[in-house]
Amino acid sequence: MVIGSSGDAETDAVNAAVNAWTEESGIPVSVTPAADLVQQLSQGFASGSPADIFYVGLDQFQGWAANGSLLPYAGDLSNVGDFYPSLVNAFTFEDEFFCAPKDFSTLALIINTDAWAAANLTDADIPTTWDELADVAATLTTDSQRGLVFSGEYARIGVFMAQAGGSLISDDGTTATASSPENVQALTWVKDQLNTGNVAYASGVGTGWGGEAFGRQLAAMTIEGNWITGAMNADFPDVDYVVAELPAGPAGQGTLQFTNCWGIATDSRNHADSVALVEFLTSTDQQLAFAEAFGVMPSVETAADGWLDLFPEQGAFLAGADYAQDVLSAAGSSAVVTDFNAQLEGLAAGDPQAILDSVQRNLQAVLDENAS
Amino acid sequence: MNARSETGPTASRAVGPSRRRRSRGIRGRENLAGWIYVLPALLVLGLFLLIPVIMAAWVSVSNWGGRGSPFSSDVSFVGTDNYRAILLGGGLATQDFGTALRNNSYYVLFVVPMQTVLSLYLAIMVNRRILRGRGFFRTAFYFPSVTSSVAITVLWLFLFSATGVVNAALAMVGIDGPNWFNDPRGLIHVFLSWAGVDSAPAWATSWGFLGISGWEWLAGPSIAMFALMLMAVFTTSGTFMLLFIAALQALSAEVDEAATMDGTTVWQRIRFITVPMLRPTIFTVVTLGLIGTWQVFDQIYTGTQGGPAKTTLTPAYLSYQAAFLDQQWGRGSAIAFILFAIIVIFTIIQRLVLRERDTVPKRKRFVPPSQEAVEKARKMGVTPGPSPRDRSPD
């Protein structure tokens, strides 16, 4: 089993879970944290002797499903009905449910409580619309601190596109919808906000990501996923914050969700045992144990209540599951996203329509190539 | 990167013809023994070099998807599709390749001359006999070359961060430093904007190549790429300095002394004596420099992953990205082969430029001494100067 671990906490938790399973079943399993998961797995698939079980990111999923590396086993799991439908949908390729979602994360608004209080804002001021978000960002901006800072990339700015009712791809995954008026509206709003100076990209304040800007108190608010809680505990334990749901845009609430799954290799020689292990790892109790160890959100609905008991203050992340959009995952689309991100870095001075038009062209070309 | 490559071509030229002759009898055994001695090396080279290259060549003209053997029956030949998508398609693959090629061209254009000049300068300095503690300086200059490039990249990320040491130093002299590794602005664009040119003039947008416009081609290296260029010069000049030192020590001191007696300045001696005599080493250094800079990968992989805004994307990294991250294996190896062709072409051009000329250029020829002068010289008991033929080959 090869995993792309976020740190010792995750590695230890997976090891403990796998050891528990080995005691039950008598089958030894070795867990290897990968330095570069995608590259190591690609080597494994090419050589014909891949690891039995591994993490699969959503961005890699379709490529490996298409070239036959992944075993479509998830439909036969006994707990198949427990997974969130949107996650099942994310890991379905050509009408087959390939691999069991491991866990997932959504984006929410993270607010620095001290900065909030210093600006005389109260709980009632937590923004629920774009206008309110713009207002509090302006109120929170000081000489040393921006109101709102997030990474200048599709995986963050996409929430505004979702809130405006847009997305990069049609629901059936065959047509690119990047240049829709909804997306243009969203990017135009973000551009205007960037130009007010109250909102900035993380790179613009000299940081690598929103969490770093938030932790170093260069930002009063940021848009991040639940992994930020781990980073805050480890690197910035003195900063107090609350997690709120993202405001609604013209088309209602929207956020992005990120997920990965337990992949099983087609070329594995231990299919049955691997499926049994995945079934054990995705069980409600085991997922709650993972959540406790390293803060992820369980992929099964049956664990939602238990998770809320563990992390009551992070309810906004789980609430996001109801209206979250999957990030773009079509095979070959990561080059399109990279290009989109490159253009988003220049959004403040750029033309939203022109940016989205080029994404539309590139994405449609990829989709046409996949279909042919 | 060994000093042997300087003498290699001449040595083989000297013994070449006699080896060709097929010898019989007791000499035949020597031939066999020779093959047996080189067999392990041949096997290793074949296994780790030749076979992978052949496989990659096949992948670049196939639709292999990254699973199982590329030679299995369900992989089919797609001709030049992958190459066409990169060079002529006009889509994202072409744009990315064009961008990578632009970035790397500026990288080569800056790094190769800089590292050659700097390493030659360092070598001449360190080679001076009057310099105290030469060993210390040699080690100090060579140190960055033996440090792992990953470690140096991380060091560089710290040095050039928005609030890093470099910007702190710049602030001391009143310069507001850029956010180095997050600044995608091209240097030439920055200079142009200082001169008042902020948007693309018509003549620069009317043409394009490999999917990106003329204005983009003229952007210059981004500020992020510039930081990486400085790093490349910093890390490689030590290695090349060593090559130059070795060559300098092989030069005979008499020539230099004779030139000193003739009243030349230090600069003249470097320009007209040292540099011409170092020509084979300069060829080696420039060749190694060209190959190394066109293949730049590890700094990008550990440092910037092609960002900001794709301005540190290079063909080598793009090849990796296309294959491992986008599962476009054919395209990835096609990029690798195009890169190979670029390197070969550049090396050939460079070899032509730095070639030894058999004939001495006219203006450097000695004027044949007139009969009168010879007579006069004989009377005075001096032999006429050397003829051009006596020039020692360098």
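Chain naming here is simple, since letters A, B, ... match the order of the sequence lines and numbering starts at 1 in each. Please read these numbers as outputs of a predicted model, since none were measured by experiment.
- Here A/Ser334 is the residue among A/Ser358, A/Ala265, A/Ser334, A/Pro50 with the most heavy-atom pairs under 4.5 Å with chain B.
- A/Ser42 has its side chain within reach of B/Gln327: a pair of non-hydrogen atoms, C-beta onward, lies under 4.5 Å apart.
- Interface remark: B/Phe181 contributes no atoms to any contact with chain A (heavy atom separation under 4.5 Å).
- The salt bridge (Lys or Arg N to Asp or Glu O under 4.0 Å) analysis of residues 63-82 of chain B, with sequence neighbours excluded, yields the pairs A/Asp267-B/Arg67, B/Asp81-B/Arg84.
- Looking at A/Ala365, neither its backbone nor its side chain comes within 4.5 Å of chain B, counting heavy atoms on both sides.
- Annotation for A/Gln60 and B/Phe324: closest pair OE1-O, 4.2 Å, computed over non-hydrogen atoms.
- Counting heavy-atom pairs closer than 4.5 Å to chain A, the top-ranked of the candidates B/Thr99, B/Leu325, B/Asn182 is B/Leu325.
- By number of non-hydrogen pairs under 4.5 angstrom with chain B, the leading residue of A/Gly48, A/Ser203, A/Ala66, A/Gly63 is A/Ser203.
- If you measure heavy-atom distances from B/Ser161 to chain A, you find no contacts under 4.5 Å at all.
- Looking at A/Glu345, the atoms closer than 4.5 Å to chain B (heavy atoms on both sides) all sit in the side chain, from C-beta outward.
- Between chain A and the residues B/Gly89, B/Pro308, B/Ser69, the largest count of heavy-atom pairs under 4.5 Å involves B/Pro308.
- For the pair A/Asn362 and B/Gln95, the minimum side-chain heavy-atom distance is below 4.5 Å.
- A 4.5 Å side-chain heavy-atom check between B/Gln328 and A/Glu369 finds at least one atom pair inside the cut-off.
- Interface remark: A/Thr338 contributes backbone and side-chain atoms alike to the contact with chain B (heavy atom separation under 4.5 Å).
- At a 4.5 Å heavy-atom cutoff, the contact between A/Val336 and chain B is made by backbone and side-chain atoms alike.
- Of the possible donor and acceptor atoms, none in the side chain of A/Asn341 sits under 3.5 Å from a partner among the backbone N and O of B/Ala309.
- The side-chain heavy atoms of A/Arg361 and B/Leu92, taken from C-beta on, include no pair separated by under 4.5 Å.
- Closest non-hydrogen pair, B/Asp326 versus A/Ala335, comes out as OD2-CB, 3.5 Å.
- Options A/Gly208, A/Ser69, A/Ser47, A/Gly152 differ in how many heavy-atom pairs under 4.5 Å they form with chain B, and the most are formed by A/Ser69.
- Applying the 6.0 Å contact sphere to CZ of B/Phe77 captures more than 12 heavy atoms from other residues, nucleotides or ligands.
- For A/Phe236, the CZ atom counts as densely surrounded, since its 6.0 Å shell holds more than 12 non-hydrogen atoms of other residues, nucleotides or ligands.
- Taking A/Thr207, A/Asp339, A/Leu344 one by one and counting their heavy-atom pairs under 4.5 Å with chain B, the maximum is reached by A/Asp339.
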